[in-house]
Amino acid sequence: MSEKIELGVYLKDEGGYEIVLKSLNHYKKRLRTIGNSPELKDSSAMFGTILQQEAMKTIPKIDEVIKKVQDGLSDVKLLNSLSEDSPFLLKALLCYESDIKKAQDTGHEYFLKLVGDLPLVKNDLEIIKNASDKIREFSV
């Protein structure tokens with residue numbers, strides 16, 4: 001039980017909600033534009049269609065978790081319930097981190113456009129690492 005409270009404390013009191021919301025919104029943007037991804041364009045057409053269908057199924061879950069985080073800023077009980085969503089939060093953080101690194105390493109227009117201002121978002125890499133570590137810690 002204390003683990004859930006600690007996750008809520010991290011998200012609300014330590015400001016972890018900011019990077020979590022940023023990552024969830026990025027994850028949603030990534031899934032919406034997955035058809036334009038250079039990785040998908042290199043794969044077979046059938047695989048790409050399946051991936052796009054699965055992406056569209058995930059977007060409502062992202063919206064649900066975003067709402068939980070936003071509502072949890074005024075109701076800690078909702079933030080405490082996010083511990084069950086910790087694997088999903090980690091997935092969103094990892095997606096954001098990965099896309100920042102791809103933009104940085106490849107300079108591909110898709111990733112640059114997806115992450116936005118690269119010099120600014122590169123600062124998020126350390127925050128993402130910290131948030132991932134904290135969320136893993138609370139989900140043990």
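Just so you know, these numbers come straight off a predicted model, no measurement behind them.
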Visitor: Between Phe111 and Pro38, which heavy-atom pair has the shortest distance, and what is it?
Guide: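 It is CE1-CG, 3.5 Å.
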Visitor: Passes side-chain contact (heavy atoms from CB on, under 4.5 Å), Leu125 versus Lys129? Steps please.
Guide: CA-CA 6 Å; Leu125 289 173; Lys129 182 186 178 327; over 6 Å; no
Visitor: In Å, rounded to the nearest 0.5 Å, how long is the span from OH of Tyr27 to CG of Asp99?
Guide: 11.0 Å
Visitor: Between Glu137 and Lys134, does at least one N-O distance fall below 4.0 Å, as a salt bridge requires?
Guide: no
Visitor: Under 4.0 Å between a side-chain nitrogen and a carboxylate oxygen: does that hold for Lys22 and Glu18?
Guide: no
Visitor: Looking at every heavy atom in both Gly107 and Leu112, which two are closest together, and how far apart are they?
Guide: O-CD1, 3.2 Å
Visitor: Same cluster for Leu94 and Leu51 if Ile/Leu/Val/Met/Phe/Trp/Tyr side chains link at under 4.5 Å?
Guide: no
Visitor: To the closest 0.5 Å, what do you measure between CD (Gln52) and CG (Asn36)?
Guide: 8.5 Å
Visitor: Only one of Leu7, Leu11, Val9 clears side chain to side chain contact (heavy atoms under 4.5 Å, CB included) with Leu79; which?
Guide: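 Only match with Leu79 under side chain to side chain contact (heavy atoms under 4.5 Å, CB included): Leu11.
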Visitor: Tyr110: which residues meet the side chain to side chain donor-acceptor pair (under 3.5 Å) condition with it, sequence neighbours left out?
Guide: Arg30, Thr33
Visitor: Would you say Lys12's side chain and Leu73's backbone share a donor-acceptor pair under 3.5 angstrom?
Guide: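 Looks like yes, one N/O pair under 3.5 Å.
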Visitor: Are Val115 and Asp124 side-chain neighbours, meaning at least one heavy-atom pair lies under 4.5 Å?
Guide: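 Sidechains of Asp124 and Val115: no contact.
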Visitor: Decide yes or no for Val20 and Leu82: does some side-chain heavy atom of the first lie under 4.5 Å from some side-chain heavy atom of the second?
Guide: no
Visitor: For Lys61, look at atom NZ and say whether over 12 heavy atoms of other residues, nucleotides or ligands are found less than 6.0 Å away.
Guide: yes
Visitor: Kindly work out whether a path of hydrophobic side-chain contacts (I/L/V/M/F/W/Y, heavy atoms less than 4.5 Å apart) joins Leu31 to Leu114.
Guide: no
Visitor: Are Ile19 and Ile62 co-members of a hydrophobic cluster defined by side-chain heavy atoms under 4.5 Å apart?
Guide: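 Yes, Ile62 connects to Ile19 through the hydrophobic network.
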Visitor: To the nearest 0.5 angstrom, please state how far the OG1 atom of Thr58 sits from the CG atom of Asp63.
Guide: 11.0 Å
Visitor: To the nearest 0.5 angstrom, please state how far the CD1 atom of Ile66 sits from the NZ atom of Lys28.
Guide: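 Atom-to-atom, Ile66:CD1 and Lys28:NZ are 4.5 Å apart.
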Visitor: Could you give the distance from CG (Asp85) to NZ (Lys91), rounded to the nearest 0.5 Å?
Guide: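 The CG atom of Asp85 sits 12.5 Å away from the NZ atom of Lys91.
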Visitor: Counting N and O atoms only, with roles assigned by atom type, does the side chain of Asn25 sit under 3.5 Å from a partner on the main chain of Leu21, one being a donor and the other an acceptor?
Guide: yes
Visitor: For the atom pair NE2 (His26) and OG (Ser98), what is the distance rounded to the nearest 0.5 Å?
Guide: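 Rounded to the nearest 0.5 Å, the NE2-OG separation comes out at 8.0 Å.
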Visitor: What do the steps show when you test Glu64 against Lys67 for salt bridge (Lys or Arg N to Asp or Glu O under 4.0 Å), and what is the final call?
Guide: CA-CA 5 Å; Glu64 176 188 315; Lys67 183 164 176 29; over 6 Å; no
Visitor: Taking all non-hydrogen atoms of both residues, which atom of Leu93 and which atom of Ala131 are closest, and how far apart?
Guide: CD1-CB, 4.1 Å
Visitor: Salt bridge (Lys or Arg N to Asp or Glu O under 4.0 Å): which pairs involve residues 105-121, sequence neighbours left out?
Guide: none
